[in-house]
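Below is one structure; the comments refer to it alone.
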Amino acid sequence: MGIAVLSLIPLVYLVIRASEAGGGQIMAILLRERTFALIGRSLAFAMTVTAASVVTGVGLAVLVARTDLPGRRLLAALAPLPLAVPSYVAAFAWISWLPGVSGFRGAVLVLTLCCYPFVYLPVLAVLRQSDGGAEEVARTLGRGPWSALRAVTLPRVIPAASAGGLLVALYALSDFGAVSILRYDVFTRVIHTSYSASFDRTPAAVLGLLLVLITVCFAAGERLARRREVASVAAGSARPPARLPLGRNRIAAVLATYSVLTLALVVPGASLLVWFVTGLSGGLEWDRLLPALGATTWFAGLGAVAATLAAIPVGVLAARHRGRLATGVEQAIWAAHALPGLVVGLAIVFLGIRVLPGIYQRTPLLVLAYVVLFLPAAVASVRASVALSSPRIEEVARSLGARPGAVLRRVTLPLAAPGIGAGAALVLLTAMKELPATLLLRPTGSDTLATRLWSHTGVGAYAAAAPYAILLVVLAVLPTIALMRLTGAWGDGAEQEARS
């Protein structure tokens, strides 16, 4: 319950701010024509990005795990790497090369290319763990290889795809940097403008509460899809499924997959290198670059550890219990996830000034903001990993006299260790790229790579910003690789086939 209370800090802040205006002004804001238009734009944007990411992520995962696609090992290694590219860096790269890439279409393109790995990684993990024997049974009943895949295996990836899709939807709702650069008005950009341009914070608070309501609706929809989760109860090792021939579709599959990688990696990479070379004549700011690197690693590392420790009890509760308590705690955690980092940062500032002045503008307050922002990502990973293990193993341990705490330590957590590690890597990755909350809460005198990058791009010094952007991307690649290994995305499963 304490973890849920921490997650609700931004919501309490918004309620306090909104209640200062009274019911009449709140209703006036909600009933504005612009508010209805904003809801439509934000929902259309989030749903389009989510649908495109699910199609892209599931499609790539199927091609890597289940087909004879040429170069699938290289594809498996490269497909998750867009996670290492901050959305605001990708947006700047695209608009600096193609100024016409802006508005709704440009924002959907950039966010989809940055977010599809949230779907690709968990779906690939499920496909790698699937038992080929079930498909063989379907084929003996008259189904073809692709029909057996659709009927038997793909339904098992629905929970993983829905969990990844929820992360994508909330990322799209909460993103500020990319939509600002690409000039598309959604909740985050309008809330930021309201906070920045006026002393009256009421409209921003009311819109923030509306955003929380939309988030809860998205989380409820994902929970309905998750009811189809099925734990594996088979004994022994699963039989590796046979790879399906692409046949005449091979060329089209190759063109489609490597077109996605080109758009997601080559365009931002080439743009950053051009600006980096342009700025070399002015020299590198080593006295600022290295401290920013150290601060980024330290703050993000602390946030990852804290968020993972907080996620373990919530993830186990959500996976093993379906009662109101589990539902309420999980939805409370998701409620803050779609809020802009700016709003969460302001809420934590409010907490620091009013309640915890001793740690205001110190590291613990920034770590608390990271926990509130990124705890849902860790919870989703832990919960999915625990759900994949059979509860019967825990029942056997309890029948032998083990206490619940011992079962958790000796059985549940070791089985869920890959998911826990993946959650920690994902939090580390996203904390490295976090911008608005870090700008507000970083300790006095400290700068991260993201804040230094933003300060340079804010004044149009793109060549000076390039070294920070490149170093940030390179640093973010490390937890991305760890995430790939922990979720089974590294390689093409040849080792598993050889062992079997």
Side-chain angles (χ1 to χ4, degrees), residues 81-94 96 110 114 171 174-178 180-181 265 268-280 282-305 307 340-342 344-345 361-363 365-367 369-370 373-374 377 424-483:
L81 291 184
L83 281 177
V85 182
S87 60
Y88 48 87
V89 172
F92 161 71
W94 274 94
S96 65
V110 169
C114 290
Y171 190 100
S174 64
D175 182 79
F176 165 71
S180 296
I181 292 174
L265 296 174
S271 178
L272 290 179
L273 286 176
V274 168
W275 283 111
F276 178 74
V277 172
T278 302
L280 279 180
L284 296 176
E285 303 175 331
W286 291 110
D287 57 330
R288 295 183 176 180
L289 193 63
L290 295 180
L293 172 62
T296 301
T297 305
W298 174 246
F299 296 147
L302 291 177
V305 171
L342 173 71
V344 174
Q361 289 191 322
R362 295 181 182 272
T363 301
L365 215 56
L366 177 59
V367 172
Y370 286 164
L373 282 167
F374 307 127
L426 184 56
V427 174
L428 179 64
L429 173 65
T430 49
M432 286 177 178
K433 302 186 292 182
E434 168 55 31
L435 179 63
T438 308
L439 283 170
L440 288 171
L441 295 165
R442 69 191 189 278
T444 304
S446 298
D447 271 308
T448 65
L449 294 171
T451 60
R452 292 296 304 167
L453 167 64
W454 190 259
S455 64
H456 282 303
T457 56
V459 295
Y462 301 125
Y468 295 96
I470 291 176
L471 191 54
L472 178 58
V473 171
V474 171
L475 184 63
V477 165
L478 300 179
T480 303
I481 292 175
L483 190 62

**Asked** Looking only at heavy atoms, which two atoms of Thr480 and Ala476 are closest? And how far apart?
**Response** OG1-O, 2.8 Å
**Message:** Using every non-hydrogen atom in the two residues, find where Leu366 and Ala437 come nearest and quote the distance to one decimal.
**Reply:** CD1-O, 4.2 Å
**Prompt:** Between CG of Leu475 and OG1 of Thr297, what distance do you get to the nearest 0.5 Å?
**Reply:** 4.5 Å
**Item:** Under 3.5 Å donor-acceptor, Lys433 side chain and Ser87 backbone
**Value:** no
**Asked** Between Phe176 and Leu435, is a side chain to side chain contact (heavy atoms under 4.5 Å, CB included) present by the stated rule, with each step listed?
**Response** CA-CA 9 Å; Phe176 165 71; Leu435 179 63; 5.5 Å; no
**Asked** Can you tell me how far the OG1 atom of Thr448 sits from the CG atom of Leu293, to the nearest 0.5 Å?
**Response** 10.5 Å
**Asked** In Å, rounded to the nearest 0.5 Å, how long is the span from CD1 of Ile481 to CG of Leu478?
**Response** 6.0 Å
**Complete:** Interatomic distance, CG@Leu83 vs SG@Cys114, rounded to 0.5 Å, equals 9.0 Å
**Asked** Hey, mind stepping through Leu373 and Glu434 against side chain to side chain contact (heavy atoms under 4.5 Å, CB included) and telling me if it holds?
**Response** CA-CA 9 Å; Leu373 282 167; Glu434 168 55 31; 4.0 Å; yes
**Fill in**
dist Leu439:CG -> Leu441:CG (nearest 0.5 Å) comes out at 9.5 Å
**Request:** Go through the steps to decide whether Tyr468 and Arg288 satisfy the test side chain to side chain contact (heavy atoms under 4.5 Å, CB included), and finish with yes or no.
**Result:** CA-CA 10 Å; Tyr468 295 96; Arg288 295 183 176 180; 3.4 Å; yes
**Message:** Assess whether a salt bridge exists between Arg442 and Asp447, defined as any Lys/Arg side-chain N lying under 4.0 Å from an Asp/Glu carboxylate O.
**Reply:** yes
**Message:** Would Thr438 and Tyr370 count as a side-chain hydrogen bond (donor to acceptor under 3.5 Å, both in side chains) here? Give the steps.
**Reply:** CA-CA 9 Å; Thr438 308; Tyr370 286 164; 2.8 Å; yes
**Fill in**
Here the gap from Ile470 atom CD1 to Leu273 atom CG, rounded to the nearest 0.5 Å, amounts to 5.0 Å
**Prompt:** Does the side chain of Phe299 reach to within under 4.5 Å of the side chain of Thr363, using non-hydrogen atoms?
**Reply:** yes
**Item:** Nearest non-hydrogen partners of Ala469 and Leu272, listed with the distance
**Value:** CB-CD2, 3.7 Å
**Request:** Give the minimum heavy-atom separation between Tyr88 and Ala450, together with the two atoms involved.
**Result:** OH-CB, 3.3 Å
**Complete:** On a heavy-atom basis, the closest approach of Ala431 and Phe374 is CA-CE1, 3.6 Å
**Fill in**
Heavy-atom nearest pair, Pro268 first then Val85, reads CB-CG1, 4.4 Å
**Prompt:** Are Pro86 and Met432 side-chain neighbours, meaning at least one heavy-atom pair lies under 4.5 Å?
**Reply:** no
